[in-house]
Amino acid sequence: QVQLVESGGGSVQAGGSLTLSCVASGWSMKTQCMGWFRQVPGNEREEVARILSNGDTRYADSAKGRFTISQDDAKDTLYLQMNGLKPEDTAMYHCAADHTLRTAIQALNGPYAYSYSGHGTQVTVS
């Protein structure tokens with residue numbers, strides 16, 4: 001049973017920084033990609049960053065230049081470093097993972113949903 005557990009959210013002032021973490025466990029297959037999504041109640045979920053198994057990264061325009069996705073394979077942990085936070089970054093942030101190549105190579109927010117996601121960690125920027 002794959003489990004993804006996020007942490008690191010909180011309340012910060014505009015311009016501040018946060019680093020989100022996502023600890024993964026229960027893998028039985030190699031993942032092709034992991035990503036970070038965010039969602040505000042009433043809005044669609046937005047994929048903000050993705051990292052592929054080869055280390056390549058993808059970012060939404062809203063995240064470019066401010067967010068950095070990374071992973072520590074030894075710790076089975078995914079990170080999202082967020083700098084220059086804005087009030088519009090306020091959302092619940094979820095990490096996700098998938099074993100399929102089609103999910104890994106699609107455009108951000110593509111039609112193929114990730115197979116696994118966590119419960120999320122709240123980020124509030126004021």
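All of these numbers come straight from a predicted model, not from anything done at the bench.
A single hydrophobic cluster is seen to contain both Tyr93 and Ile51, as judged by linkage of ILVMFWY side chains at heavy-atom distances under 4.5 Å, directly or through other members. Put simply, Leu85 and Tyr59 are part of the same group of oily side chains (I, L, V, M, F, W, Y) that touch within less than 4.5 Å, one to the next. Tyr114 and Ile69 fall into different hydrophobic clusters, where Ile, Leu, Val, Met, Phe, Trp and Tyr residues are linked whenever their side-chain heavy atoms come under 4.5 Å apart, directly or through other members. Phe37 and Met34 fall into different hydrophobic clusters, where Ile, Leu, Val, Met, Phe, Trp and Tyr are joined by side-chain heavy atoms under 4.5 Å apart, directly or via other members. Residues Met92 and Tyr116 fall into different hydrophobic clusters, defined by Ile, Leu, Val, Met, Phe, Trp and Tyr side chains chained together at heavy-atom separations under 4.5 Å.
Residue Leu80 holds its CG atom at 8.5 Å from OG of Ser70, rounded to the nearest 0.5 Å. Rounding to the nearest 0.5 Å places CD of Glu47 at 7.0 Å from CD of Gln106. Going from atom CZ of Arg38 over to atom CZ of Arg45 covers 13.0 Å, rounded to the nearest 0.5 Å. Distance check, rounded to the nearest 0.5 Å: CG of Asn109 to CZ of Arg58 gives 13.5 Å. For the atom pair CD of Gln71 and CG of Leu52, the computed distance is 9.5 Å after rounding to the nearest 0.5 Å. Rounding to the nearest 0.5 angstrom, the gap separating the CZ atom in Phe67 from the CG atom in Leu20 is 8.5 Å.
Taking every heavy atom of both residues into account, Ala91 and Val40 meet most closely at CB-CG2, 3.8 Å. The shortest heavy-atom contact between Glu46 and Ala60 is OE2-CB, 4.1 Å. Scanning all heavy atoms of the two residues, the minimum distance from Ala96 to Leu4 falls at CA-CD1, 3.8 Å. Nearest heavy-atom pair across Cys33 and Thr103 is SG-CG2, 4.0 Å.
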Residues 8-17, side-chain donor-acceptor partners within the protein, below 3.5 Å, at least two apart:
residue	atom	partner	partner atom	Å
Ser17	OG	Asn83	OD1	2.9

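Between Asp61 and Lys64 there is a salt bridge, since at least one side-chain N of the basic residue sits less than 4.0 Å from a carboxylate O of the acidic one.
Counting heavy atoms from C-beta outward, Val123 and Met82 have side chains that approach closer than 4.5 Å.
Listed for the Thr90 side chain is a donor-acceptor partner under 3.5 Å among the backbone atoms of Val125. Between the side chain of Glu6 and the backbone N or O of Cys95, at least one donor-acceptor pair lies under 3.5 Å. No donor-acceptor pair under 3.5 Å is formed between the side chain of Tyr79 and the backbone N or O of Thr68. In this structure, Arg50 contributes its side chain and Ala107 its backbone to a donor-acceptor pair below 3.5 Å.
For residues 67-84, the set of pairs meeting the salt bridge (Lys or Arg N to Asp or Glu O under 4.0 Å) definition, not counting sequence neighbours, is empty.
For Gln32, the side-chain contact (heavy atoms from CB on, under 4.5 Å) partners at least two apart in sequence or on another chain are Ser53, Leu101, Ala104.
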